[in-house]
Amino acid sequence: MPEEAEGGKDVAEKEEEGGCKKCCFAFLDCMATIITSIIACCSACWRVTKEYAIYPVKQNLVDTFDSVQETLFPYKQGVKVPYSYTEVPSFKFP
């Protein structure tokens, strides 16, 4: 009497995965790797662009705007905060 596996089937009759199923799983694995790599590259490119290209341009625009404002409106020059830090009340525990 041949050995029986789970469910009453013979060991020799055990179903194996078909070639199409293996091919589909391999394709999905490759696509997942490719898409993950593309997302990582795009994310890195955006971060580099943002930190090393966009931020310095923004800072130069802000500095230019501030200098134009101080040139056109001289009363805006000086300390931006109307009080010094020595006049700010502080709270201390006894």
Solution key, residues 18-33 side-chain donor-acceptor pairs under 3.5 Å, sequence neighbours excluded:
from: T33; atom 1: OG1; to: D29; atom 2: O; distance (Å): 3.0

Report all side-chain donor-acceptor pairs from residues 42-56 shorter than 3.5 Å, counting only partners two or more places apart or in another chain.
from: R47; atom 1: NE; to: E51; atom 2: OE2; distance (Å): 3.1
from: T49; atom 1: OG1; to: C45; atom 2: O; distance (Å): 2.8

Residue pairs involving residues 57-67 (criterion side-chain hydrogen bond (donor to acceptor under 3.5 Å, both in side chains); sequence neighbours excluded):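 Passing the test, one end in residues 57-67: no pairs.
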
